Every structure is written in structure tokens, then in C-alpha cells.
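A short worksheet on the structure shown next.
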Amino acid sequence: MNIEIAPHVRETASQLGQGVTYALKVLAGRLADDPDMGEPSALPGILTVMIDGDLFEDCPALAVGYLRGPDRQERQGRHQERPAVPGAEAVTVREVADAWRRITGRLRANAPDSTEPTAGAAFRATRP
């Protein structure tokens, strides 16, 4: 199985410490062997794996969410691969996650640090 780590995840990992980058590489190797090792998360289509920070130097405990590649369907005791259907939940989750990342990035870059600058305008807008 091909494991892809998005560039923004690699960048964030390097900012958290070299141990985080190494832990993600180890996790990618394990996921290549066992892509179903994660536990289902609250988000549909996303599995979560916990990384124990004590196992890696310069790495905090991490919860890593990932999308599983082609859906698996178990039939009569064996796994059969079936290709992901365009428009499936995993694609929707990825699009929502990308949109959320763009929104939060714009807010960090452009929103004021406090609500004080906007409080006067909000008050004037509520007055008749």
C-alpha cells in the first residue's frame, strides 16, 4: 500500500520536533503493512492511531487521523478490494478538512487577536 503524508503535515511535524517526523515515518511503514490498524474516529471514513510519545525522543503523544485507501468489504471470511466510489464519504471528509484548513489559516492571518476592535461596530449595528 502507498502511504502519502501531505506536505503541510510534514511541515507541522518538523515544527513539533525531529522525533515527530521520525514517528510519522515509522507509522507510515506500519500502515503500509497493516492499513486497518487504526480505530474508527468520530469523523466518517477516518481512522485514528495513537503514537506513544515515550517511545520516540523529542515527540509528544499524538493522535494521527488517516484515510484508508480502497474500501474493503468482507465477504464469507475473506477480504475483497473494491475501488472507492467517486463522491464517497472519504472524499467528502477530505474536502471538508481541506476547506477547514483554508478557513482557519485565513482567520489566523487576518482576524484580530481580540474582539475589541469589532465590538463598537457590532454595537452600532444592533442599535436602531
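One is the number of the first residue; the rest follow in order along the sequence. Fair warning: this is a prediction, and the values are worked out from it, not measured in the lab.
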Could you list the donor-acceptor pairs under 3.5 angstrom formed by side chains in residues 4-22, with sequence neighbours left out?
unit_1: His8; atom_1: NE2; unit_2: Arg101; atom_2: NE; d: 3.4
unit_1: His8; atom_1: NE2; unit_2: Arg101; atom_2: NH1; d: 3.3
unit_1: Arg10; atom_1: NE; unit_2: Ile5; atom_2: O; d: 3.4
unit_1: Thr12; atom_1: OG1; unit_2: His8; atom_2: O; d: 2.9
unit_1: Ser14; atom_1: OG; unit_2: Glu11; atom_2: O; d: 2.8

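Other residues sharing the hydrophobic cluster of Ile103, ordered by chain and number and joined by side-chain separations under 4.5 Å: Leu107.
For Ile46, the side chain to side chain contact (heavy atoms under 4.5 Å, CB included) partners two or more places apart in sequence, or in a different chain, are Ser41, Leu43, Leu67, Val93. Every residue two or more places apart in sequence or in another chain that forms a side chain to side chain contact (heavy atoms under 4.5 Å, CB included) with Asp34 is listed here: Asp36, Met37. In terms of the side chain to side chain contact (heavy atoms under 4.5 Å, CB included) criterion, residue partners of Arg102 (sequence neighbours excluded) are, by chain and number, Asp98, Ala99. Remark: Ala63 engages Thr48, Met50 in a side chain to side chain contact (heavy atoms under 4.5 Å, CB included) (not counting sequence neighbours).
Judged purely by atom type and a 3.5 angstrom limit, Tyr66 uses its side chain to pair as donor or acceptor with the backbone of Gly38.
Distance check, rounded to the nearest 0.5 Å: CG of Leu62 to CG of Leu24 gives 7.0 Å.
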